[in-house]
Amino acid sequence: MSILKLKKLFQQEKTYLLIAIFIIALWVLPYFVLGQDAHMRIHDNLDSNVAWYKVLMSSGQLFGPLNANIPQIINGQLSRNALYSEYYGIIELFRFFPPVTAYGLNIAITRFTAFLGMYLLLKDYIIKPKEQGIIRAAAALTFSLTPFWPNGMLSTLGMPLALWAFLNLRYHVKTRQSWITLTLLPFYSTFMLGFFFFLSAMGVFWLVDAIRTKKAQIRMFLSILYMTLLYMAIEYRTIASLIFTTEKTNRSEFNESKNTFYQTIGLIFKNYFIGHNQDQTLYEFIIFPTALIALIIVIIQKRWRQEKLFIGLHLANFLLSVWYSFWWYQGWGPLKQKINVLNTFNFSRYHYLRPMFIYILFAVSLQILWRINKKWRIFAILFAILQLCVLFPSNEEIYYRHSPSFKQFYAVKEFEDIKKYIGKPVQDYRVISIGLHPAIAQYNGLYTLDTYNNFYPLSYKHQFRKIIAPELDKNLTLKEYFDEWGGRCYVFVNELGENYIFSRNSSKVIRNLDLNTAALKKMGGDYILSTVRIQNASENHLELQRIFHKKEYYWRIYLYRVL
């Protein structure tokens with residue numbers, strides 16, 4: 001192929017799209033090649049959701065009634081409604097595929113859809129010139145590769161596709177594809193952890209648009225209403241729990257608005273530059289400087305009116321961080337205590353809109369640079385490539401390479417040894433974990449008194465607290481963490497803090513454990529699984545039964561029996 005033909009090939013938008021698709025395919029390949037040796041996020045993932053899917057499938061309550069409970073967790077007091085709706089796409093993946101395959105398919109579906117949605121939005125409404133295809137493809141690709149919360153599916157990364165569909169309906173184009181999009185998206189995203197905030201923002205957009213144009217914009221209103229009702233039907237379990245359940249849950253004791261004014265100001269800039277762990281954008285290194293350069297150019301050229309979208313995105317990005325930060329300001333405390341929904345529902349999550357806004361801002365910034373001259377076009381392409389370089393290390397296989405792999409984390413063979421040693425049906429005894437996420441025991445079919453869940457009965461939290469009360473009294477941070485949140489109903493130990501990963505190579509020893517084992521025994525606790533040796537076990541009425549460890553195991557597990 002001649003140099004001229006090669007140059008012409010790389011000027012075609014199809015080439016950019018094929019390169020982007022190839023990169024995304026490489027990104028998700030490790031899950032399918034490495035299988036259970038793949039590495040993935042632990043926080044709010046392996047330590048919770050992935051294990052929940054396994055527990056839900058084996059519980060027989062996937063399609064259970066609203067009043068059903070999950071017998072394996074917290075003595076059967078965990079409501080079926082605390083786990084995902086059976087109509088979520090990710091549930092179906094874990095239902096029909098092995099866990100790592102299901103997880104990999106989830107990542108692939110999300111990233112390819114994110115790319116498609118952002119590309120269509122940019123092409124049809126924002127970056128329209130034909131010769132700027134490389135900007136559309138690059139911005140969509142970088143958006144699709146951002147670190148995101150895997151179990152949210154398309155809750156954040158699906159927003160550009162939804163916005164594209166709503167704008168189509170607003171302008172009466174591609175209506176069939178748009179209605180199909182708005183119908184399918186709710187089955188692969190969440191309402192409470194994503195689209196509630198998007199749809200309420202769209203409601204404001206519709207109202208302002210209707211006032212500005214003096215037209216009712218009925219089609220757009222109906223499309224927002226339709227998608228909202230569809231979400232409510234899919235998430236009927238959560239809705240029923242909010243409306244019909246009178247029993248108090250651990251969420252009733254949430255007290256997270258504790259920041260002082262100065263801490264709140266600091267959090268604004270922390271969120272603005274770094275973001276939240278569930279919607280990271282890796283914005284601070286390349287996108288922020290690019291957007292800042294573009295802003296300076298707009299100021300110099302006095303193009304304020306022509307660049308309304310660009311200026312609006314800058315403001316929205318910052319204001320969302322302000323809203324997020326002030327939600328945790330202590331001044332909200334008294335009002336949250338009076339109005340329960342403010343305490344149990346996290347309205348700070350409008351920051352889930354930021355990834356979409358930031359990458360649209362990135363695309364528009366690149367376009368502003370592109371329009372100056374040919375030399376600046378080179379800079380625009382360079383900035384896009386540099387953002388890709390920033391994103392590459394965030395790939396789970398790279399970022400979590402020093403953490404246990406899926407196989408190491410869940411330690412199925414090791415737990416088979418433990419269950420075989422105990423020698424009783426798993427439903428006949430209860431365990432708790434120390435220095436180990438309870439999700440590991442749950443994944444392996446053990447019945448646990450401890451757990452990590454979004455909501456469970458407040459009465460159980462108070463009952464469980466008696467077990468760890470002596471340890472909480474030693475550590476104010478742990479005490480506040482449990483008492484004022486409690487999502488992690490764990491056996492907290494002062495000497496371990498909030499650390500739950502102790503490999504077989506760890507030399508950590510608990511020297512002064514102080515548990516209320518009488519309370520533990522009363523709740524049915526029979527065994528403790530610990531990844532660290534308890535030096536004063538006998539003082540806590542615990543008897544070491546056996547140490548489980550092999551060269552191929554990540555954990556060294558000490559099995560203690562409660563006397």
Pair Tyr400 and His39, ring centroids less than 6.0 Å apart: no

Table please: side-chain donor-acceptor pairs of residues 28-37 below 3.5 Å, with sequence neighbours left out.
{"unit_1": "Tyr31", "atom_1": "OH", "unit_2": "Glu396", "atom_2": "OE1", "d": "2.4"}

side-chain hydrogen bond (donor to acceptor under 3.5 Å, both in side chains) between Asp417 and Tyr553, intermediate numbers included: CA-CA 12 Å; Asp417 291 343; Tyr553 293 163; 3.0 Å; yes

Heavy-atom pair of closest approach, residues Ala439 and Leu46: CB-O, 3.8 Å

For Leu66 against Asn81, the heavy-atom pair lying closest together: O-ND2, 2.9 Å

Salt bridge (charged side-chain N to carboxylate O under 4.0 Å, His left out) involving Arg349 - partner list, sequence neighbours excluded: none

Glu484 and Lys258 ion-paired at < 4.0 Å: yes

Between Phe97 and Tyr103, ring centroids under 6.0 Å: no

Heavy-atom check, side chain of Tyr443 versus side chain of Pro99, under 4.5 Å: yes

Polar contact flag, side-chain donor to acceptor under 3.5 angstrom, Tyr272-Tyr283: yes

Flag for Ser325-Thr264: side-chain donor and acceptor within less than 3.5 Å: no

Check: Phe492 ring centre within less than 6.0 Å of Tyr481 ring centre: yes

Within the 6.0 Å centroid threshold, strictly below: Tyr84 and Tyr88: yes

Electrostatic pair Lys424-Asp526, nearest N-O below 4.0 angstrom: no

Gln442 versus Thr448, side-chain donor and acceptor atoms under 3.5 Å: yes

Within the 6.0 Å centroid threshold, strictly below: Phe198 and Phe195: yes

Side-chain H-bond candidate by donor/acceptor type, Asn271 with His276, under 3.5 Å: no

Within-4.5 Å side-chain heavy-atom neighbours: Arg80 and Leu62: yes

Close aromatic pair by centroid cut-off 6.0 Å: Tyr429 and Tyr527: yes

Lys461/Glu253 salt bridge by N-O under 4.0 Å criterion: yes

Interatomic distance, Thr146 atom OG1 to Arg354 atom CZ [nearest 0.5 angstrom]: 12.0 Å

Set of residues satisfying side chain to side chain donor-acceptor pair (under 3.5 Å) with respect to Tyr410, sequence neighbours excluded: none

Lys413/Glu416 salt bridge by N-O under 4.0 Å criterion: no

Side chains of Tyr447 and Asn75, donor plus acceptor under 3.5 Å: no

Separation of Asn512 CG from Ile534 CD1 (nearest 0.5 Å): 11.5 Å

